Protein chains: 2
Amino acid sequence: MFSIGQLSKATGVKVPTIRYYEEIGLLPQPGRNAGNQRRYGQDGMEALGFIKHARDLGFSLEDIKALMGLDGQLGADCAAADRIARSQLANVRDRIRKLQQLASELERISHLCDGGNGGCCKVLTALGDHSQCAGEHG
Amino acid sequence: MFSIGQLSKATGVKVPTIRYYEEIGLLPQPGRNAGNQRRYGQDGMEALGFIKHARDLGFSLEDIKALMGLDGQLGADCAAADRIARSQLANVRDRIRKLQQLASELERISHLCDGGNGGCCKVLTALGDHSQCAGEHG
DNA sequence: TGTAGGGCCTCTAGTCACTAGAGCATCAAG
DNA sequence: CTTGATGCTCTAGTGACTAGAGGCCCTACA
């Protein structure tokens, strides 16, 4: 049996976050000891580990709820899980693409003041004027 | 003179968002007509355009506030603006790097169920177990 | 001049995923 | 038996908006 603090240390999820997950129904309510403190078993540990890993992979809590609801079943659920994972992958790729455009734009803007110290500021001008941009962004 | 709706259409910033920017002191309070409705001039249009473009480039409202406070001055302010832009660039590059790791991880996980329809679900297993991952992420 | 409809006003509350703090109870070690 | 860490609940705050209620105003058309 683990206390909430031990669970926190083992998984790297902060204590208030664990309570938050419980509050929104993502983690099942654990048992309590005589003094009303939460006591977790191995299943609680695994559930929280699952959530942590999925969060690190960028899944929303909503997605995770769906994924956890699916667990323990087979067939169609596998397809659903796969679908969620793939849509998350597409999502991530899209964010990468957009960020790369931003990076090149910012790079261009930053170069405007390379060592310059008199009579700028072209950085501010560039920030205010989208028409100076090479391509689309945002 | 523009109404808030015209400003919204011209810049692509939603009406409640414009009011929100005013509320937090990012946009100066415009004049009002006899019926208490906001009326903007060219300066309001430019200020909002600046904010919109900077937001699209991923700057926080806090950063934008700093950038706008700097405008109209020279020298040291140019350096400050440059510093903010460069730090934003570093930030974006870092996010790209992390997202790329996530993408490769998700790709691996997605492939586990390629056309599989019996006796999975390895997707869920992989999501629950970080030790299966090739490298670091998150 | 009257009216219909859109646009505008303020205010409150909700979103997501937490984080911080108050004020108190409980637990484990010495 | 005490002390200090850990736990409890509850409320409120974060960033950057978004949604909705309930009402006022403005413009175009008849």
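In what follows, chains carry the letters A, B, and so on, assigned in the order in which the sequence lines appear, proteins first and then strands, with residues in each chain numbered from 1. Source: prediction; values computed, not measured.
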| request: I would like to know whether B:Phe2 and B:Arg38 meet side chain to side chain contact (heavy atoms under 4.5 Å, CB included); could you show each step before the answer? | output: CA-CA 8 Å; B:Phe2 315 105; B:Arg38 291 168 180 82; over 6 Å; no
| Hey, mind stepping through A:Val13 and A:Tyr21 against side chain to side chain contact (heavy atoms under 4.5 Å, CB included) and telling me if it holds? | CA-CA 10 Å; A:Val13 178; A:Tyr21 288 162; 4.1 Å; yes
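Taking only side-chain nitrogens and oxygens, A:Tyr21 comes nearer than 4.0 Å to OP1 or OP2 of C:dC18. The side chain of A:Ser3 places no N or O atom within less than 4.0 Å of a non-bridging phosphate oxygen (OP1 or OP2) of C:dC27.
For B:Leu7 and C:dC8, the CG to P distance is 10 Å, given to the nearest whole Å. To the nearest angstrom, C1' of C:dG6 lies 11 Å from NZ of B:Lys9. Between the CD atom of B:Glu22 and the C1' atom of C:dC9 there is a distance of 12 Å, rounded to whole Å. Between the CZ atom of A:Phe2 and the C1' atom of C:dA28 there is a distance of 18 Å, rounded to whole Å. In this structure, CD1 of A:Ile24 is placed 9 Å from P of C:dC16, rounded to the nearest angstrom. Rounded to an integer number of Å, the gap from CE of B:Met1 to P of C:dC8 is 15 Å.
Bracketed by its first and final contacts, the part of DNA chain D lying under 4.0 Å from non-hydrogen atoms of chain B reaches from D:dA16 to D:dC26 in 5' to 3' order.
Mapping A:Tyr20 and B:Ile4 onto DNA chain C by nearest heavy atom places B:Ile4 closer to the 5' end of the strand. Projected onto DNA chain D by closest heavy-atom contact, B:Leu61 and B:Asn33 fall at different nucleotides, the more 5' of which corresponds to B:Leu61. Closest-nucleotide positions on DNA chain D for B:Lys14 and A:Arg38 were compared, and the one nearer the 5' end corresponds to A:Arg38.
Here the rule is side-chain contact (heavy atoms from CB on, under 4.5 Å) with B:Ile51, and of B:Ile18, B:Leu67, B:Leu27, B:Thr11 only B:Leu27 fits it.
Look at B:Arg93 and A:Glu107 and you find a salt bridge, because one of the NZ, NE, NH1 or NH2 atoms lies within 4.0 Å of a carboxylate O, short of that distance. Looking at A:Arg108 and A:Glu105, a side-chain N of the basic residue comes within less than 4.0 Å of a carboxylate O on the acidic one, giving a salt bridge.
Across A:Ala103 and B:Leu89, no two heavy atoms sit closer than the pair O-CD1, 3.4 Å.
No single ILVMFWY cluster, assembled from side-chain heavy atoms under 4.5 Å apart, contains both A:Tyr40 and A:Met1.
As judged by a 4.0 angstrom heavy-atom cut-off over every strand, A:Arg39 is placed among residues making no nucleic acid contact. Nucleic acid contact for B:Arg19: base, since at least one base atom lies under 4.0 Å from a heavy atom of the residue.
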